[in-house]
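Working notes for the structure below.
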Amino acid sequence: MKSVEQHVSDLLALVAVPEATELDLLRAHGTVLAEPVVSEVSLPGFDNSSMDGYAVHSADLEHASPTSPVRLSVVADIPAGDPSPSAIRPGLCARIMTGAPMPTGADAVVPVEWTDGGSVEVLVERPATPGGFVRRSGEDVEAGARVLSAGTLIGAGEMGVLAAVGRRTVPAVPRPRVVVLSTGEELVEPGRPLGPGQIYESNSYMIAAAAKEAGAEVHRHGFVGDDPVSVRDALEGLLLRADIVVTTGGVSMGAYDVVKEVLSRQGTVEFTSVAMQPGKPQGHGTIGPDGTPIITLPGNPVSAFVSFQMFVRPVLRKLRGLDPAPLPAVRARLSTAVTSPKGRRSYLRAVLAPAAPGAEAAHTVAPAVRQGSHQLSALADANGLLVVPEEVTELPAGAIAEVLTLPGH
Ligand code: AMP
Ligand code: MG
């Protein structure tokens with residue numbers, strides 16, 4: 001059997017980091033910047049007030065105090081967005097709002113809280129520091145400065161910076177387009193009545209959600225039955241939409257394992273057994289005229305989920321221009337004993353929790369009771385996958401084990 005690591009590296013070899021394109025700001029969220037972003041503007045672009053108050057000559061207020069407030073005439077009102085505030089001479093002031101441009105002459109702002117709030121004349125009870133409550137042009141970003149580096153993952157903060165410096169588009173790696181297709185004659189769309197022997201189709205919803213969580217743009221095709229023609233037609237129809245195709249089901253040793261049957265014939269997809277549990281039967285390769293990468297996951301829902309996290313997620317990260325790192329791992333103390341087949345690495349659904357302060361491992365981990373690869377219920381609660389190495393067949397309660405943390409928790 002092939003090792004998990006070997007399979008990961010074979011899958012990563014299937015795809016190349018795509019070229020960056022100029023993406024509209026709205027599409028750039030969650031993508032990786034391909035080039036540094038240099039600001040063409042200064043932030044702030046002009047001196048402006050950081051408070052609602054009065055723009056003043058600070059020298060006028062040298063002796064202001066609550067017992068002898070200084071009286072100034074208010075000669076203008078400057079709202080945010082005022083294109084040309086008039087200049088302020090000594091002895092005078094202007095009412096000014098947060099973000100409004102400083103009038104020439106004035107060198108400080110007095111917050112309205114230090115005054116009687118007058119609109120014709122104002123009494124000021126405290127002296128003003130030169131430059132006080134004024135945001136200087138360029139104090140945040142100088143025009144020509146680099147605001148983001150190449151390789152940055154564009155999150156909410158980066159979106160704010162890009163918009164603030166006026167960028168409409170950025171060179172970034174677009175999200176990979178993933179098409180998800182399930183197979184199985186027994187499957188029924190959720191919401192419809194079930195017939196005898198039928199089950200609700202869950203893999204395509206689950207894998208589409210996991211792919212979205214991994215940063216892909218997802219097209220959930222749904223499912224097709226177990227006949228070769230439907231599977232071939234569906235795959236052909238999907239290729240236009242896909243940077244990568246992910247299927248579930250039909251790759252084991254059964255008589256109706258149609259994905260394997262259809263794709264083996266083409267000779268471009270390889271089916272293997274990986275030394276893990278769940279998730280042993282795996283397939284990967286390319287299909288169609290453009291050699292679109294395809295990953296075929298097993299049909300048992302938990303196997304499909306675990307295989308996605310171990311194999312598809314790193315591939316999607318590579319396609320996004322990110323480090324194809326595995327799920328982050330922590331070390332945790334096991335609450336109950338677990339067993340695992342010899343020669344296969346187990347990934348057990350588990351609940352990670354913080355350990356008591358001062359404990360040797362920062363976490364405790366409780367493996368789910370139901371670990372069958374068809375048993376979905378524990379997946380909803382699990383926030384980690386407990387790893388039992390290939391050569392280990394038993395871990396006692398209290399052992400320290402490696403746990404992969406699942407996304408979205
Ligand atoms: P297969 O790999 O196609 O033999 O499927 C293995 C098991 O997973 C069978 O019990 C299937 O009924 C079940 N299964 C396969 N595909 C799905 C799916 N899309 N949703 C829910 N269960 C599935
Ligand atoms: Mg099937």
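Please read these numbers as outputs of a predicted model, since none were measured by experiment. When a ligand or atom number is given, it counts from 1 through the structure's own listing order.
- Only the side chain of Pro301 comes within 4.0 Å of ligand 1, counting heavy atoms alone; its backbone N, CA, C and O stay farther away.
- Looking only at protein heavy atoms, the nearest one to atom 20 (N) of ligand 1 is Ser202 N, 3.0 Å.
- Each of the atoms 19 (N) of ligand 1 lies under 4.0 Å from some heavy atom of Ser182.
- For Glu360 and Arg333, the salt-bridge test passes: some basic side-chain N is under 4.0 Å from an acidic carboxylate O.
- Residue-to-ligand polar distances keep Ser204 apart from ligand 1: every N/O pair is separated by 3.5 Å or more.
- Closest to atom 16 (N) of ligand 1 among all protein heavy atoms lies Asn203 ND2, 3.4 Å.
- Note that OG1 of Thr98 and CZ of Arg135 are 6.5 Å apart. Values are rounded to the nearest 0.5 Å.
- Counting non-hydrogen atoms of other residues, nucleotides and ligands closer than 6.0 Å to CD of Glu394 gives a total of 12 or fewer.
- The pair Arg220-Glu189 counts as a salt bridge, with a side-chain nitrogen and a carboxylate oxygen less than 4.0 angstrom apart.
- Judged by the shortest distance from any of its heavy atoms, Thr183 lies inside the 4.0 Å radius around the atoms of ligand 1.
- Residue contact annotation: Ser252 has a non-hydrogen atom under 4.0 Å from ligand 1.
- Against a heavy-atom cut-off of under 4.0 Å, Glu186 is close to the following atoms of ligand 1: 11 (C), 12 (O).
- Which parts of ligand 1 touch Gly250 is read off a 4.0 Å heavy-atom cut-off, strictly below it: atoms 1 (P), 2 (O), 3 (O).
- Considering backbone and side-chain atoms alike, Leu187 places every N or O at 3.5 Å or more from each N or O of ligand 1.
- Ranking protein heavy atoms by distance to atom 19 (N) of ligand 1, first place goes to Glu201 OE2, 2.8 Å.
- In this view, Lys2 and Asp10 satisfy the salt bridge (Lys or Arg N to Asp or Glu O under 4.0 Å) rule, not counting sequence neighbours.
- Put simply, part of Asp257 is less than 4.0 Å from ligand 1, judged by heavy atoms.
- Between Glu236 and Arg232, no side-chain nitrogen of the basic residue sits less than 4.0 Å from a carboxylate oxygen of the acidic one, so the salt-bridge criterion is not met.
- Residue contacts with ligand 1 leave out Gly254, since none of its heavy atoms falls under 4.0 Å from the ligand.
- For the pair Tyr200 and ligand 1, a heavy-atom separation below 4.0 Å is found.
- The closest protein non-hydrogen atom to atom 22 (N) of ligand 1 is Ile199 CD1, 3.4 Å.
- For atom 6 (C) of ligand 1, the closest non-hydrogen atom on the protein side is Asn300 N, 3.6 Å.
- Judged by distance alone, the side chains of Ser264 and Glu261 never bring a donor and an acceptor atom under 3.5 Å apart.
- Of the N or O atoms in Gly299, one or more lie within a sub-3.5 Å distance of an N or O in ligand 1.
- Under a 4.0 Å N-O distance rule, the pair Arg345/Glu5 qualifies as a salt bridge.
- Between the Asp82 side chain and the Ile78 main chain, no donor and acceptor come within less than 3.5 Å of each other.
- For the residue pair Thr272/Gln282, the side-chain donor-acceptor check at 3.5 Å is not satisfied.
- Inspection of the Ser230 and Asp227 side chains reveals an N or O donor paired with an N or O acceptor under 3.5 Å.
- Under a 4.0 angstrom heavy-atom cut-off, His374 registers as lying outside contact with ligand 1.
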